[in-house]
Colleague: 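What follows is a structure written as structure tokens; I'll ask about it next.
Hydrogens, waters and symmetry mates are skipped; everything else that's a heavy atom, side chains included, is used.
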Amino acid sequence: VDAVVPRGGPQGSNARATVRISGRAIADYGLLRARFAGAGEVDAWLPDAGVPEVLCRPPYVSPLAPSPLEARVDLSLDGRTFTASRLSYTYYLAAATARVPRGAPLGAETALTILGSGFVDLGAGDAV
């Protein structure tokens, strides 16, 4: 596994985003599965022939579970043997409580500050 995008998303949500897992020599040998360590396994699918990536929806994680939860992502092409990845998907509980400023002139560049709790730093990765 070379990349997991996005690198994280909210826990306790049934509207889970599609996660793209890319790597080398990805092919369907009968049962594509993605394992999110500590969260569960899910079916995965090839979006297009010849593209070295699979798509999946991350497993549901209860909002009562510890947060943030970092789940290592492993991939199986046959449903039995999984990769040993170093990449992960981070579940988090973030809550915005305020934004500053509340408004700005139309068309003007304005810095926006969002205040709240549960925000996580995913490095250079995307989050949902």
Colleague: Which pair of non-hydrogen atoms, one from D2 and one from G23, has the smallest distance, and what is that distance?
Modeller: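 Closest heavy-atom pair between D2 and G23: OD2-CA, 3.4 Å.
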
Colleague: Which residues, ordered by chain and number, are linked to L106 in its hydrophobic cluster, where ILVMFWY side chains connect at heavy-atom gaps below 4.5 Å, directly or through other members?
Modeller: none

Colleague: Flag yes if L93 and L69 sit in one hydrophobic cluster, no otherwise; membership is Ile, Leu, Val, Met, Phe, Trp, Tyr, and two members link when side-chain heavy atoms are under 4.5 Å apart.
Modeller: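 Cluster IDs for L93 and L69 differ.
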
Colleague: What's the shortest heavy-atom distance between A104 and T110, and which atoms?
Modeller: CB-OG1, 3.2 Å

Colleague: Locate the shortest heavy-atom distance separating V54 from P47; write the atom from each residue and the value.
Modeller: CA-CD, 4.1 Å

Colleague: Let me confirm one number: the CZ-CZ distance from F36 to R57, rounded to the nearest 0.5 Å.
Modeller: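 Atom-to-atom, F36:CZ and R57:CZ are 11.5 Å apart.
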
Colleague: For P58 and Y89, which heavy atoms make the closest approach, and how far apart are they?
Modeller: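 That closest heavy-atom pairing would be CG-OH, 3.7 Å.
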
Colleague: So, T97 side chain and L115 main chain: donor-acceptor pair closer than 3.5 Å or not?
Modeller: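 Present.
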
Colleague: Hey, does the side chain of Q11 reach the backbone of A65 with a donor-acceptor pair shorter than 3.5 angstrom?
Modeller: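 Here the side-chain-to-backbone pair exists.
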
Colleague: Rounded to the nearest 0.5 Å, what separates atom OG in S13 from atom OH in Y91?
Modeller: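 Taking OG in S13 and OH in Y91, the distance rounds to 10.5 Å.
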
Colleague: Measuring from atom OG1 of T90 to atom CD of E70, what distance do you get when rounded to the nearest 0.5 angstrom?
Modeller: 4.5 Å

Colleague: Examine L75 and F82 and state if one hydrophobic cluster contains both, with Ile, Leu, Val, Met, Phe, Trp and Tyr joined whenever side-chain heavy atoms are less than 4.5 Å apart.
Modeller: no

Colleague: Quick one: closest heavy-atom pair of P101 and A111, and the distance?
Modeller: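 Closest approach of P101 to A111, heavy atoms only: CD-O, 3.3 Å.
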
Colleague: Compare every heavy atom of C56 with every heavy atom of I21, then report the nearest pair and how far apart it is.
Modeller: CD1-SG, 4.0 Å

Colleague: Let me have the donor-acceptor pairs involving side chains of residues 25-34, under 3.5 Å, with sequence neighbours excluded, atom names and distances please.
Modeller:
from : atom 1 : to  : atom 2 : distance (Å)
D28  : OD1    : G30 : N      : 2.8
R33  : NH1    : D43 : OD1    : 2.7

Colleague: Consider only side-chain heavy atoms of I, L, V, M, F, W and Y, link residues closer than 4.5 Å, and tell whether V61 and L87 are in one cluster.
Modeller: yes

Colleague: With distance as the sole criterion, is a donor-acceptor pair present between the side chains of S76 and D74 under 3.5 Å?
Modeller: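 Side chains of S76 and D74: no pair found under 3.5 Å.
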
Colleague: With heavy-atom distances below 4.5 Å as the criterion, would you say the side chains of V19 and V4 are in contact?
Modeller: yes

Colleague: Should L77 and V42 be counted in the same cluster of Ile, Leu, Val, Met, Phe, Trp and Tyr side chains packed under 4.5 Å apart?
Modeller: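 Cluster IDs for L77 and V42 match.
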
